[in-house]
Amino acid sequence: MATGWLDWAAVALLGAATGVLSGLFGVGGGFLLVPALALLGWPVATAVGTSLAYVAAVGAGGAWAHWRAGNIDGAFVAWTALPAAACAPLGAAVAKRLPDACLALAFAAFLAAMAWQMRPRPALQGAEGDAPVARWRAVGLGGSVGVLSGLFGVGGGLLLVPGQVAWLGIPLKRAVGNSLGAVLLTGLVGTAAHGQLGTVVWGHVAVLVPAGLVGVAAGTRLLAVVPAERLRAGLQGFLGLLAVAMAVRGLRAL
């Protein structure tokens, strides 16, 4: 936890760096912020709650931009976001009760799975059809993402985007917009749940969010000049390194 001005500066830099990566990769950034805060010595549950507040605040701007661009299907977002929001408190309650070592190891496994998911696959290139999506699939996807959001402090973009494209056949551009809309609601509900549990450090949120918004703007500009394959490979490698670091932390805490 930050105690001196150097620690507060480190938190601000972390928020900005996470924002840059969020702007580059189109995700909320919780999957990066949680392990980073944990490695700075934060309890994992507190890192999760604070991260969700960050994800909700920073993700609002992206959701608004995609809404104006017509990339959000309101009906789909409702069928996805409502079960996700309903299930997020369940994940938050589990995170509060799990020993720190178990939560760290579980998050390491989650990061490793996300790194594996980032491998090149034809199915993730984006189908351009616009066929109706079965509601039960949207509800199932949303509920699963909600539990993981509350448990690990991630907004769910890493799951929602490939899940929509590969499992539901939604075009990639629409999937990104839908994801941001659903992630916003999920992040807000998850933040409220963690706030009631006392696992959100609001003072640090007030530092992280402005820095993150600046970082997102910078990352979005970088997106136009960095090749997509280099971005994917970089994210995959970074996730793998974070997974190893979190696994080491968890094993040491056992």
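Start at 1 with the first residue, then count along the sequence. Bear in mind the structure is a predicted one, so any value in this text is a computation, not a measurement. Values below: every heavy atom of this structure, side chains too, minus hydrogens, waters and symmetry copies.
- Scored by the side chain to side chain contact (heavy atoms under 4.5 Å, CB included) test, Pro89 finds Val189, Ala193 as partners (sequence neighbours excluded).
- Residues meeting the side-chain hydrogen bond (donor to acceptor under 3.5 Å, both in side chains) test with Ser144, sequence neighbours left out: none.
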Per-pair distances, 0.1 Å, donor-acceptor, side chain in residues 29-39, under 3.5 Å, sequence neighbours excluded:
none

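- For Thr199 and His194, the side-chain atoms include at least one donor-acceptor pair closer than 3.5 Å.
- Hydrophobic clustering of Ile, Leu, Val, Met, Phe, Trp and Tyr side chains at less than 4.5 Å, counting indirect connections, keeps Leu40 apart from Val244.
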Could you list the donor-acceptor pairs under 3.5 angstrom formed between side-chain atoms of residues 209-216 and any protein atom two or more places apart in sequence or on another chain?
none

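- Pairs of residues two or more places apart, or lying in two chains, that qualify as salt bridge (charged side-chain N to carboxylate O under 4.0 Å, His left out) and include a residue from residues 236-251 are Asp100-Arg249.
- No single ILVMFWY cluster, assembled from side-chain heavy atoms under 4.5 Å apart, contains both Phe107 and Val248.
- Sorted by first and then second residue, the salt bridge (charged side-chain N to carboxylate O under 4.0 Å, His left out) pairs involving residues 193-205 (not counting sequence neighbours) form an empty list.
- Two residues are said to be in side-chain contact when any heavy atoms from C-beta on lie closer than 4.5 Å; Thr50 and Trp42 meet this criterion.
- Under the 4.5 Å side-chain criterion, counting only non-hydrogen atoms from C-beta, Leu103 is in contact with Leu151.
- Through direct or relayed side-chain contacts under 4.5 Å between Ile, Leu, Val, Met, Phe, Trp and Tyr, Trp79 connects to Val139.
- Heavy atoms only, all atoms of each residue included: Lys96 and Leu197 are closest at NZ-O, 3.3 Å.
- Residues meeting the side chain to side chain contact (heavy atoms under 4.5 Å, CB included) test with Ala106, sequence neighbours left out: Phe152.
- Residues satisfying the side chain to side chain contact (heavy atoms under 4.5 Å, CB included) test with Leu241, not counting sequence neighbours, are none.
- Taking each heavy atom of Gly250 and Ala104 in turn, the nearest pair found is CA-CB, 3.9 Å.
- Every residue was checked against the side chain to side chain contact (heavy atoms under 4.5 Å, CB included) condition with Ala109, not counting sequence neighbours, and none meets it.
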